[in-house]
Amino acid sequence: MAKPREPAVGFIFVTLCLMMMGAGIIIPLLPQLVTTFEGGDVAQGSRYYGLLMSCFAAAQFVAAPILGSLSDRFGRRRVLLIALAGSAIDYVIMGLAPSMGWLFVARLISGATAGALATCNAYIADVTPPERRAQAFGFIGAAFGLGFAVGPLIGGYLGQENFRLPFFVAAGLVGANWLYGALLLPESLPAGHRRPFSWRRANPVGSLLTLRSFRGVFDMALMYFIYMLAQMLLQSVWILYMQNEFGWTSFQLGLSLAVVGIATAVVQGGFVKRIIAATGERRGLILGLAVSAAAFSGYGLVPRGWMVYAVILVGCWGGIAGPASQAIITRHVPPSEQGGVQGSLSGLSSLAFILGPLIGAWSFGYCVGPSAVIQLHGIAFYEGSALLLVAIALAMRSFRIDDRHVPAAAAASQGVAETA
């Protein structure tokens, strides 16, 4: 009888590579598809693109904590398969969509089943000890980057002739990912660590309030939300800004995203372990946030398209913030709660995803429109930079609160020992 496969980081690494490759394929083309439905009006297309992204995030905000709690009850593998199936359906509908309304239908379906990333994070927490989680989350960031590097290149290349073809290619790739998960991906959550499903934890508001029960998690979660909001501002306008400002083609857009993905993979896969070992998780988090803030401003300031790549090579080092924050949060959470907490964090990401495109794409659309009072095309980048400075302040506040608790806990423990 064959020995059962042991769950490990390598399994989820492959899953995330394939998942992000599928998602990356459509990124250079979706804004073009939206603008086409709006008769080529860039300002109006930007607004609808922002609404489309926010629609996806709203569905994810409601569904993510439910999927996270279900993964704590039934295991990670089943939820991951549901999420991948939803993504494949989404891509097929977008590829066939005859109107803007169908794009919204597709994004609602995908958002409602978009628990894959949170489930992958919970999987990592299941299979790695606390002291190795920053490194493990760094590998996950590398998988994210590698998939994101290849996907936009494929999408940008295929989209030069037919900008609907990449959607079907993405659907096929995610279908292959589903098959991989169904046949090869082992379950990571032992039966003894599972807990009953609870609607109190599963509803979006209740799941966020549950974070308050873990010392240090709520404050870090608030920082994480601000950090993700800044990232969503960047993502929501990248394609729109580069097309409008520098006249980049779909292939050039795909190439820029590929460089982002490769740089992210190199930093998170090869350097996170060393940087976190040298700085510690806390300092690594602050360093990552500070570098990202500087890079965001740089994107809005550079006058030539080739200079964007120089900023990317600097800004990629800010990627250590994600693994560092995840490692800090998981240290405060027991194994049976990891799925629920990751679902809550995914819900916060979704909330940021709702607001980010509305703020970023609408700010950009206003500043490039004919009635714009201020022609500040890089406004979303500057807004993101300011948010990252707020995230630094929140992280430092969280550290101070945590440090005050540790001496108090130690004193209480010493008092009990003396009494005994």
With sequence neighbours left out, what residues match Ala395 under side chain to side chain contact (heavy atoms under 4.5 Å, CB included)? Met223, Leu285, Ile286, Phe399

Once side chain to side chain contact (heavy atoms under 4.5 Å, CB included) is applied, do any residues pair with Gln243, and if so which ones, sequence neighbours excluded? Ile239, Leu253

Sequence neighbours left out, what passes side chain to side chain donor-acceptor pair (under 3.5 Å) with Gln235? Give chain and number order. none

For Arg397, enumerate each residue passing the salt bridge (charged side-chain N to carboxylate O under 4.0 Å, His left out) test, keeping only those at least two apart in sequence or located in another chain. Asp219

Looking at side-chain heavy atoms only, is the closest gap between Val79 and Tyr123 below 4.5 Å? no

Solution key, residues 92-107 side-chain donor-acceptor pairs under 3.5 Å, sequence neighbours excluded:
from: Arg107; atom 1: NH2; to: Asp90; atom 2: OD2; distance (Å): 2.3

What do you reckon, is CZ of Phe246 surrounded by more than 12 foreign heavy atoms closer than 6.0 Å? yes

Please determine if Arg274 forms a cation-pi arrangement with Phe271, meaning its NZ or CZ atom is less than 6.0 Å from the six-membered ring centre and no more than 45° off the ring axis. yes

For Trp178, which residues count as a side chain to side chain donor-acceptor pair (under 3.5 Å) partner, sequence neighbours excluded? none

Test of understanding: with side chain to side chain contact (heavy atoms under 4.5 Å, CB included), list the residues that count as partners of Ile82, not counting sequence neighbours. Thr113

For Thr128, give me all partners under side chain to side chain contact (heavy atoms under 4.5 Å, CB included), at least two apart in sequence or on another chain. Val9, Ile124, Arg133, Ala136

Pairwise ring-ring contact (aromatic ring centres under 6.0 Å, His included) hits with a residue in residues 17-38, at least two apart: none

Check: Leu394 main-chain N/O paired with Ser398 side-chain donor or acceptor under 3.5 Å: no

Where at least one partner belongs to residues 281-308, residue pairs that pass side-chain hydrogen bond (donor to acceptor under 3.5 Å, both in side chains), sequence neighbours excluded: Glu281-Arg331, Arg282-Asp403, Ser297-Ser385

Sequence neighbours excluded, the answer for ring pair (Phe, Tyr, Trp, His ring centres under 6.0 Å) partners of Phe296 is none

